[in-house]
Colleague: 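My structure is below; once you've seen it, I'll send some questions.
Keep in mind the model is a prediction, meaning the values are calculated, not measured. Counting starts at 1 for both ligands and their atoms, following the listed order.
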Amino acid sequence: MPEKLLPRISLEDFTQGNDDKKQKFVQDLGKAFHKWGFVIIKDHGISQELISRFYQKSEAFFKLPKATKRRYEIKKLAGQRGYTSFGTEHAKHADVPDLKEFFQIGQEVADDHPKKETYPDNIRVTEVEQFTESGMELFKAFENAGQSLLQAIALYLNLPENYFNDLIREGNSILRSIYYPPIKTDPKSAVRAEEHEDINLITLLVGASAGGLQLLNQQNEWMPVLPSEDEIAINVGDMLSRLSNDYLKSTTHRVVNPPREEWHIPRLSIPFFLHPIAEMDLTSLDQCIPEGETAKYPPTTAGAFLDERLREIGLKK
Ligand SMILES: O=C(O)CCC(=O)C(=O)O
Ligand SMILES: [Fe+2]
């Protein structure tokens, strides 16, 4: 299936367009999420300077000696803040770990906030100036773009436009900077990140322009997801899929190894996993359940669901 079928749409049509453009964006986004679970977004409003800056800081971080990076790996945080070393995370049913290491930045709240326990402070890396701070700035920019996308999805699902706003404000989102090191010896597996589905509501991903990301389409064929440098790939996660009773698809995806002549090139990608607050009810919406059928999943909350999934992928014990 040729890649050009994956729709590319402009977020400005939704945020700045007239009613017709806005409506068209809602329909194009909804249909793409129904058919592919993925879409490519241009004019996303996130500054290219900020993206490049965090890229450079990330590269500098991953170049640090192993022992230095390990100081930022804090087991009791289950990878949710700070560093996770190479070979720790594996996909749900995989027995070999992914070929990656990563650093995560999450939501921060004031010291007296009731969610302070849930949202521990971000880990400040002292060796790379402004690494954590640039990441936090990018986190906010992704949160904004993500809110617009969810407003469009709310309209597509016949919900009020601002349905998700309060559910994602101070939500448990995560910015993950992933480094896939150069491949030096024949890897045990042909993939850098094993096939999986994301846990959250939606994922916004920069860095897929380096190639290697693939989605599994409804005909069970792997298809490349290849945005250009100024575009971002967006995909549906399991939480939005559950809420919509699988009408919007949380599509299986993976990152494959490059051809041998490119083994020496590392890959850096930066997904933003947009999560709601833990209290969000993920019970499937009535309007997504066909006449005469019942919901595919039992009711749960975002918090309970996340906990279960973090154990499955080896981040939480
Ligand atoms: O590295 C990528 O392009 C994708 C990573 C991914 O799918 C994930 O971390 O969930
Ligand atoms: Fe993913």
Colleague: Give the residue, atom name and distance (to 0.1 Å) of the protein heavy atom nearest atom 5 (C) of ligand 1.
Modeller: Y180 OH, 3.6 Å
Colleague: For the CG atom of N235 and the OG1 atom of T203, what is their distance to the nearest 0.5 Å?
Modeller: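 Those atoms lie 4.5 Å apart.
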Colleague: By the definition ring-ring contact (aromatic ring centres under 6.0 Å, His included), identify the one residue from F54, F62, F131 that meets it with F103.
Modeller: F131
Colleague: Please list, in number order, the atoms of ligand 1 under 4.0 Å from a heavy atom of S269.
Modeller: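 By the 4.0 Å cutoff, the relevant atoms are 1 (O), 2 (C), 3 (O).
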Colleague: Go through ligand 1 atom by atom and flag the ones less than 4.0 Å from a non-hydrogen atom of D198.
Modeller: 10 (O)
Colleague: For H253, what is the atom name of its N, O or S atom nearest to the Fe ion (ligand 2)?
Modeller: NE2
Colleague: Which atoms of ligand 1 have any heavy atom of F273 under 4.0 Å away?
Modeller: 8 (C), 9 (O), 10 (O)
Colleague: With a cut-off of 4.0 Å, which atoms of ligand 1 are near a heavy atom of H253?
Modeller: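 Selected atoms, number and element: 7 (O).
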Colleague: Can you list the atoms of ligand 1 that are under 4.0 Å from a heavy atom of V255?
Modeller: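 Every atom of ligand 1 under 4.0 Å from some heavy atom of V255: 1 (O), 2 (C), 3 (O), 4 (C).
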Colleague: Within the 4.0 Å heavy-atom shell around I178, which atoms of ligand 1 are there?
Modeller: 5 (C), 9 (O)
Colleague: Check this for me: does any side-chain nitrogen of one of E133 and K57 sit under 4.0 Å from a carboxylate oxygen of the other?
Modeller: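 Salt bridge flag = no for K57 with E133.
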Colleague: Do E197 and H253 meet the criterion of a side-chain donor-acceptor pair at a distance under 3.5 Å?
Modeller: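 No, no side-chain donor-acceptor contact under 3.5 Å.
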Colleague: Could you tell me the residue and atom name of the protein heavy atom closest to atom 8 (C) of ligand 1, and the distance to it rounded to 0.1 Å?
Modeller: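 Closest protein heavy atom to atom 8 (C) of ligand 1: H196 NE2, 3.6 Å.
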Colleague: Kindly compute the distance separating OG (S148) from CG (L29), expressed to the nearest 0.5 Å.
Modeller: 11.0 Å
Colleague: Check each atom of ligand 1 against the heavy atoms of R267 and keep those under 4.0 Å away; list them by number with element.
Modeller: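 Those atoms are 1 (O), 2 (C), 3 (O).
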Colleague: So, are D111 and K116 salt-bridged, with charged N and O less than 4.0 Å apart?
Modeller: yes
Colleague: Below 4.0 angstrom from a heavy atom of R176, which ligand 1 atoms are there? Numbered from 1 as shown, please.
Modeller: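 Answer, ordered by atom number: 9 (O).
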Colleague: Salt-bridge test for K115 and E279: reply yes if a basic N is under 4.0 Å from a carboxylate O, no otherwise.
Modeller: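 Salt bridge present between K115 and E279.
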Colleague: Does K100, backbone or side chain, put an N or O under 3.5 Å from an N or O of ligand 1?
Modeller: no
Colleague: Is it true that Q151 and N162 share a donor-acceptor pair across their side chains at a distance under 3.5 Å?
Modeller: yes
Colleague: Would you call the rings of Y83 and F61 parallel, tilted or perpendicular, where under 30° means parallel and over 60° means perpendicular?
Modeller: perpendicular
Colleague: Does any N, O or S atom of E197, backbone or side chain, fall under 2.8 Å from the Fe ion (ligand 2)?
Modeller: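 Here the distance criterion (N, O or S atom, under 2.8 Å) is not met by E197, so no.
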Colleague: At the Fe ion (ligand 2), what's the angle from H196 NE2 to D198 OD1, rounded to 10 degrees?
Modeller: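 So the angle at the metal works out to 90°.
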